[in-house]
Each structure stands twice: as C-alpha cells, then as structure tokens.
There are 2 protein chains.
Amino acid sequence: MNEQELASLADRFRSMLRLAVFVSRRLDGDLELSTTQLSILTMCGNDGLRMGVIAGNLGVRVPSATEQVSRLERAGLLERHADPKDARAVVVRRTPRGDKTAAEVSRRRTARMVDVLETLEPAELEALRTALPVMDKINERLHSISNPKERIA
Amino acid sequence: MNEQELASLADRFRSMLRLAVFVSRRLDGDLELSTTQLSILTMCGNDGLRMGVIAGNLGVRVPSATEQVSRLERAGLLERHADPKDARAVVVRRTPRGDKTAAEVSRRRTARMVDVLETLEPAELEALRTALPVMDKINERLHSISNPKERIA
DNA sequence: CCTAACATTTAGGCTACCTAAGTATGAATG
DNA sequence: CATTCATACTTAGGTAGCCTAAATGTTAGG
C-alpha cells in the first residue's frame with residue numbers, strides 16, 4: 001500500500017472513530033448506567049479490583065475512577081474493602097445487587113446491539129469480526145504516544 | 001450465524017466501541033482543536049452551513065453546535081453571516097485563517113494516524129478498510145432507536 | 001392579521017474527565 | 001530505628017461538551 005492510500009485510509013479511519021462515538025451515544029446514551037460505569041461494574045467481579053487498576057483499565061486517571069466508584073457505591077452496586085496486604089489500598093467489589101444490575105444492564109445493551117447487527121449481511125458481520133482485533137492492536141500502539149495539552153478555542 | 005454467535009459478536013463490538021473512544025482520546029486529546037471543533041471546521045467549507053445542519057452532522061442538539069461555533073468564531077476561524085433568503089437563519093463560514101488551520105490540523109492528525117497504521121500488517125489494514133462502510137451502516141440503523149434519559153448513579 | 005412552526009441564542013445544569021495538593025502507609029537506607 | 005522517598009487513594013477545584021427549557025425574532029398558512 002503506497003503512502004497516499006495509507007493517508008486516505010487514515011483519514012477515513014479517523015472519521016470512523018468519530019462515528020463510533022456517535023454510535024456509542026445512540027446506543028447507551030439513554031440507559032441507567034453510563035458506559036464507563038457499566039465497564040467498572042463488569043470488571044470488578046466478586047474478587048475485587050484496586051482503584052488504580054480500574055483507572056488503568058478505563059484509560060483514565062485515578063481521581064476519575066474514584067469519582068465513578070463512589071457514585072456506584074452510593075447506588076449500592078459496589079463496596080470498598082480494606083486490602084489486608086496493604087493498608088493504603090482499597091479493593092472494590094460488586095455487591096449482590098451490583099451483580100444483578102450488571103447482568104441485567106449488560107443483557108439489555110447487548111440485545112439492543114443484536115437488533116442492529118441482525119439487519120446486516122453475513123459478509124458485513126464477518127468484516128466487523130475481522131476488524132475487532134485490529135482495533136485492539138491500534139489501541140496498544142497508541143499507548144506509546146505522549147500527551148501535553150493546549151487548545152486554541 | 002446463530003443467536004449466540006451474534007450475541008457474542010455484539011458484546012465484542014460493544015467493547016470495541018469503548019476502545020474507539022480511548023483511541024480517539026489518545027490520538028486527539030492533546031491537540032489544538034477538539035475532534036468536534038475540527039469536524040465543524042472541516043464541514044463548513046467556504047459555502048457555509050446553517051447552524052441546524054452543523055448540529056445534525058455532528059449528531060448533537062443545536063445549542064451544543066452554537067457553543068462550539070461561537071468559540072471557533074472567537075478564535076477567528078469561523079464567521080457567522082446573515083442568510084439573505086431567511087432572516088432567522090445563520091450561515092457559518094470558514095475564514096481564511098480557518099481554512100489554513102483546518103488544513104494544518106487535519107494534516108497533522110492524519111500523519112499521526114499514518115504512523116500508527118504503518119505498524120500494521122497489510123491484512124490488518126485490509127480488515128480495517130472493509131469494516132469502515134459497515135460502521136456507517138450501523139450508525140444509520142441506530143437513528144431509528146429513541147432516547148429518553150435517566151441514570152441510577 | 002393571527003397563529004403556528006421554525007432557526008437560533010441564552011441560561012442553567014450535569015457528567016466525566018483533568019491537575020494539584022493532601023493524607024496515610026509502605027519500603028529502603030544510613 | 002529514623003528519615004526519606006515512593007505508592008495508593010481522596011479531596012478540591014477547574015473545564016469541555018453535552019443536555020433541556022425558555023426567550024427572541026422570522027416566516028408561512030388559514
């Protein structure tokens with residue numbers, strides 16, 4: 001693939017990323033838990049996770065994770081526990097109600113997505129399936145790019 | 001493809017959408033203009049667009065578009081003009097500086113994406129290319145799903 | 001005309017991110 | 001041990017970008 005084709009693919013892929021944000025909003029924007037909250041609930045099994053790990057999995061800073069966890073705790077879906085090995089740390093676990101809610105919400109959300117996917121051709125579904133691992137790889141690659149921050153508008 | 005395979009694909013596709021949000025943050029999070037702002041700048045050629053059309057293209061409500069346009073106007077990249085056909089309406093156009101900035105920012109952003117794509121196998125690039133139109137189709141399908149709004153946490 | 005529909009802005013609110021600074025514990029070192 | 005540095009988390013305060021509801025002015029239809 002030559003330079004120009006690559007640039008064209010890059011451009012269209014950038015548009016696709018933006019589209020993914022829309023799709024995500026359309027799909028999840030009206031439900032009980034935000035996508036982030038459902039992710040947290042899903043990853044904190046009954047074994048529990050450290051706050052820092054949650055943040056890392058989400059791709060956000062620790063204080064952002066703290067905020068979401070606190071909210072889910074207030075809603076009775078998660079609990080903070082002391083880590084016996086390290087008094088600095090916190091272990092976040094789902095409550096029984098959290099288990100139930102996570103399962104329900106996830107089921108509803110997947111069902112909605114299935115409704116959409118059902119309208120597609122088999123070849124299109126195959127295209128989707130094939131592209132999934134590529135996105136993972138791209139995400140990994142981007143870990144290596146750094147981030148200052150300044151906006152002009 | 002049977003019911004269960006479809007559900008599994010739906011699940012993994014949902015994860016991919018979340019990943020797309022990360023990738024987008026990693027890729028664009030540190031630059032001069034937000035993704036939304038660059039989209040606006042790109043779509044408002046020198047012909048200009050109505051505020052409502054901008055909002056529609058972005059997939060947001062009109063007041064959200066107003067806000068971003070105002071900001072870009074303050075930054076000297078866009079201008080509001082009266083529509084001679086309809087005094088209620090506004091036509092948003094890029095300034096010459098807006099032209100220049102849009103081109104530059106877009107070039108830089110694509111270059112960064114090319115750097116990432118260059119690390120992939122030809123088959124992976126092909127997978128990406130094939131999946132792009134499928135995302136468009138999914139987005140269209142989702143237009144038909146409605147949106148109240150209530151969170152439990 | 002008068003009323004209803006439309007295009008936009010303004011005002012106010014919320015989520016989810018961020019950075020910087022504070023607290024407390026743990027680990028390493030002289 | 002005492003000190004110091006690193007780690008894990010929370011708190012405080014700020015910002016972007018979305019939302020709804022209401023205000024303003026314009027057009028179009030009966």
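A note on names: the letters A, B, ... follow the listed sequences, proteins ahead of strands, and every chain is numbered from 1.
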Asker: Under 4.0 Å, heavy atom to any atom of DNA chain D: which of residues 45-57 of chain A qualify?
Answerer: A:Arg50, A:Met51, A:Gly52

Asker: Let me confirm one number: the CG-CZ distance from A:Asn57 to A:Arg50, rounded to the nearest 0.5 Å.
Answerer: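 Nearest 0.5 Å value for the CG-CZ distance: 13.5 Å.
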
Asker: What are the two closest heavy atoms between B:Arg80 and B:Ser70, and how far apart are they?
Answerer: NH2-OG, 3.2 Å

Asker: Name the residue closer to the 5' end of DNA chain D, choosing between A:Glu67 and A:Asp86 according to the nucleotide with the nearest heavy atom.
Answerer: A:Asp86

Asker: Got a salt bridge between B:Lys137 and B:Glu140, using NZ or NE/NH1/NH2 to carboxylate O under 4.0 Å?
Answerer: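 Between B:Glu140 and B:Lys137 there is no salt bridge, as every charged N stays at least 4.0 Å from the carboxylate O atoms.
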
Asker: Testing the 3.5 Å rule here: is there a donor-acceptor pair between the side chains of B:Arg141 and A:Thr119?
Answerer: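 The criterion, which ignores hydrogens and geometry beyond distance, is satisfied for A:Thr119 and B:Arg141.
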
Asker: Which whole-number value in Å describes the distance from A:Glu73 CD to D:dC9 C1'?
Answerer: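 Atom-to-atom, A:Glu73 to D:dC9, this comes out as 13 Å.
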
Asker: Has the side chain of B:Arg88 got a donor or acceptor that lies under 3.5 Å from a partner of the other kind on the base of C:dT8?
Answerer: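 No pair found.
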
Asker: Would you say a side-chain N or O of A:Ser64 is under 4.0 Å from OP1 or OP2 of C:dA16?
Answerer: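 For A:Ser64, the contact criterion (side-chain N or O under 4.0 Å from OP1 or OP2 of C:dA16) is not met.
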
Asker: Across the strands shown, which category fits B:Val90 at heavy-atom distances under 4.0 angstrom: base, sugar-phosphate, nothing?
Answerer: sugar-phosphate

Asker: With no hydrogens and no angle check, do the side chains of A:Ser24 and B:Arg14 hold a donor and an acceptor under 3.5 Å apart?
Answerer: no

Asker: Rounding to an integer number of Å, can you tell me how far A:Arg74 CZ sits from C:dT15 C1'?
Answerer: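 Checked: the CZ to C1' distance equals 12 Å.
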
Asker: Write down the distance between CD1 (A:Ile40) and C1' (C:dC17), rounded to a whole number of angstrom.
Answerer: 12 Å

Asker: Looking at B:Gln4, is its backbone amide N or carbonyl O close enough to the side chain of B:Ser8 to form a donor-acceptor pair, meaning the two atoms are under 3.5 Å apart?
Answerer: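 The answer is no, because no donor-acceptor pair under 3.5 Å joins these two groups.
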
Asker: Reckon A:Thr36 touches a base, only the sugar-phosphate, or nothing at all at heavy-atom distances under 4.0 Å?
Answerer: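 Here A:Thr36 touches the backbone only, sparing every base.
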
Asker: Pairs counted as Watson-Crick or G-U wobble with both distances under 3.5 Å: what dot-bracket string results for DNA chain C, using | for bases tied to another strand?
Answerer: ||||||||||||||||||||||||||||||

Asker: What heavy-atom pair brings A:Arg18 and B:Leu58 nearest, and what distance separates the two atoms?
Answerer: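 Here A:Arg18 and B:Leu58 meet closest at NH2-CD2, 3.3 Å.
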
Asker: Have a look at B:Asp83 and say if it touches a base, only the backbone sugar-phosphate, or nothing, with a 4.0 Å heavy-atom cut-off.
Answerer: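 Contact class for B:Asp83: none.
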
Asker: Taking the minimum atom-to-atom distance to the side chain of B:Arg80, which one of C:dT9, C:dT8, D:dG17 wins?
Answerer: C:dT9

Asker: Let me know the distance between CZ of B:Arg61 and P of D:dA22, rounded to the nearest Å.
Answerer: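 It works out to 16 Å between those atoms.
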
Asker: Is the number of heavy atoms from other residues, nucleotides or ligands within 6.0 Å of NZ (A:Lys100) greater than 12?
Answerer: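 Counting neighbours around NZ of A:Lys100, 12 or fewer heavy atoms of other residues, nucleotides or ligands fall under 6.0 Å, so no.
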
Asker: Figure out the CG/P separation between A:Leu38 and C:dA16, and round it to whole Å.
Answerer: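 Taking atom P of C:dA16 as the reference, CG of A:Leu38 is at 12 Å.
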
Asker: Please state whether the phosphate of C:dT10, meaning OP1 or OP2, lies under 4.0 angstrom from any side-chain nitrogen or oxygen of B:Thr66.
Answerer: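 Answer no for this pair, as no side-chain N or O of B:Thr66 is under 4.0 Å from OP1 or OP2.
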
Asker: If you look at every heavy atom in B:Ala127 and A:Thr130, which pair is closest and at what distance?
Answerer: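 Closest pair (atom of B:Ala127, atom of A:Thr130, distance): CB-CG2, 3.7 Å.
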
Asker: Map A:Pro63 and B:Pro63 onto DNA chain C by nearest heavy atom, then report which one ends up closer to the 5' terminus.
Answerer: B:Pro63

Asker: Which heavy atom of A:Asn46 sits nearest a heavy atom of A:Arg93, and at what distance?
Answerer: O-CD, 2.6 Å

Asker: Regarding A:Gln68, tell me which of base, sugar-phosphate or nothing describes its non-hydrogen contacts under 4.0 Å with the strands shown.
Answerer: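 Sugar-phosphate, backbone atoms only, no base.
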
Asker: What is the separation between atom CD on B:Gln37 and atom C1' on D:dT15, rounded to the nearest whole Å?
Answerer: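 It is 12 Å, rounded to the nearest whole Å.
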
Asker: What integer distance in Å separates B:Arg25:CZ from D:dA16:C1'?
Answerer: 12 Å

Asker: Need one value for B:Val60: base, sugar-phosphate or nothing, where a base atom within 4.0 Å counts as base even if backbone is also close, heavy atoms only.
Answerer: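 It contacts sugar-phosphate atoms only.
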
Asker: How close or far is atom P of C:dA16 from atom CG of A:Leu72, stated in whole angstroms?
Answerer: 9 Å

